Amino acid sequence: SVRFVGEVLHPNIGARAGSDPGAVCLDMLSHGWSPSFHLRGCLLEIVNLLRYPNVSAALNPDLLSLYLYDKPEFDRRAQECTQRNAVPADAARHLVTRGVSVEETMQALYHCSGNLSMAIDYLGPPPQAPLPVPTRNRSQPSAAGSPEPSPLPQHSPPRP
């Protein structure tokens, strides 16, 4: 199943206050699904649906009516919704480059209404990478001039 986690004002997307919030009403996802579909094709279909709503299969009839009979008002409300709920790409990129997974990034930004500094606080400090252990090239002689002895095995065999 495919759904939007944030609010999307669209006749073919389930309303946040509705019975199936964020659901995408797209025939290929429900009735026409086949394992041969690829993610890229699904995403292209969703983008196409967002551009050209399917007026014969609306999840939100009130929005469909607004879309059909007062397109300028629909566009105004959709733009307001997008500005209120969209996550800036640079904010998501910033968190992902800090070592946070894409899923955690999206959840944090959604929880914090797209506010980057709040999402960083919400996630806490970045995980600390272990400090590298300095090593010496084994082919080089040690400070005393003799080659480094072979390391002992990490695990000794059990004694009988």
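Just so it is clear, the model here is predicted, and its values are computed rather than measured. FYI, side chains are in, hydrogens and waters are out, and symmetry mates aren't considered; it's all heavy atoms of this structure.
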*Quick one: are N60 and I13 in side-chain contact, heavy atoms under 4.5 Å?*
no
*Distance (rounded to the nearest 0.5 Å) between L64 CG and N12 CG*: 7.5 Å
_Hydrophobic cluster identity match, V55 and L9, side-chain contacts under 4.5 Å_ = yes
*asked:* What I'd like to find out is whether the side chain of L49 reaches to under 4.5 Å of the side chain of H10, using heavy atoms alone.
replied: yes
*Not counting sequence neighbours, which residues clear salt bridge (charged side-chain N to carboxylate O under 4.0 Å, His left out) with E73? List them please.*
R76, R77
*What closest approach, in Å, do P11 and P53 show between heavy atoms, and which atom pair accounts for it?*
CG-CB, 4.2 Å
*Only pairs at least two apart or in different chains count here, so list each ring-ring contact (aromatic ring centres under 6.0 Å, His included) that has a residue in residues 60-86.*
Y67-F74
_Counting only heavy atoms from other residues, nucleotides and ligands, does the tally under 6.0 Å from CD of E80 exceed 12?_
yes
_If we ignore hydrogens and angles and just use 3.5 Å, is the side chain of T82 paired with the main-chain N or O of A78 as donor and acceptor?_
yes
_Between L59 and V24, is there shared hydrophobic-cluster membership here, with clusters defined by ILVMFWY side-chain heavy atoms closer than 4.5 Å?_
no
_Atom pair CG/CG of N48 and L43 - distance to nearest 0.5 Å_ = 12.5 Å
*Could you grab the distance from atom CG of L50 to atom CD of E45, nearest 0.5 Å is fine?*
11.5 Å
*Do you reckon L44 sits in the same ILVMFWY cluster as I46, going by side-chain contacts under 4.5 Å, direct or chained?*
no
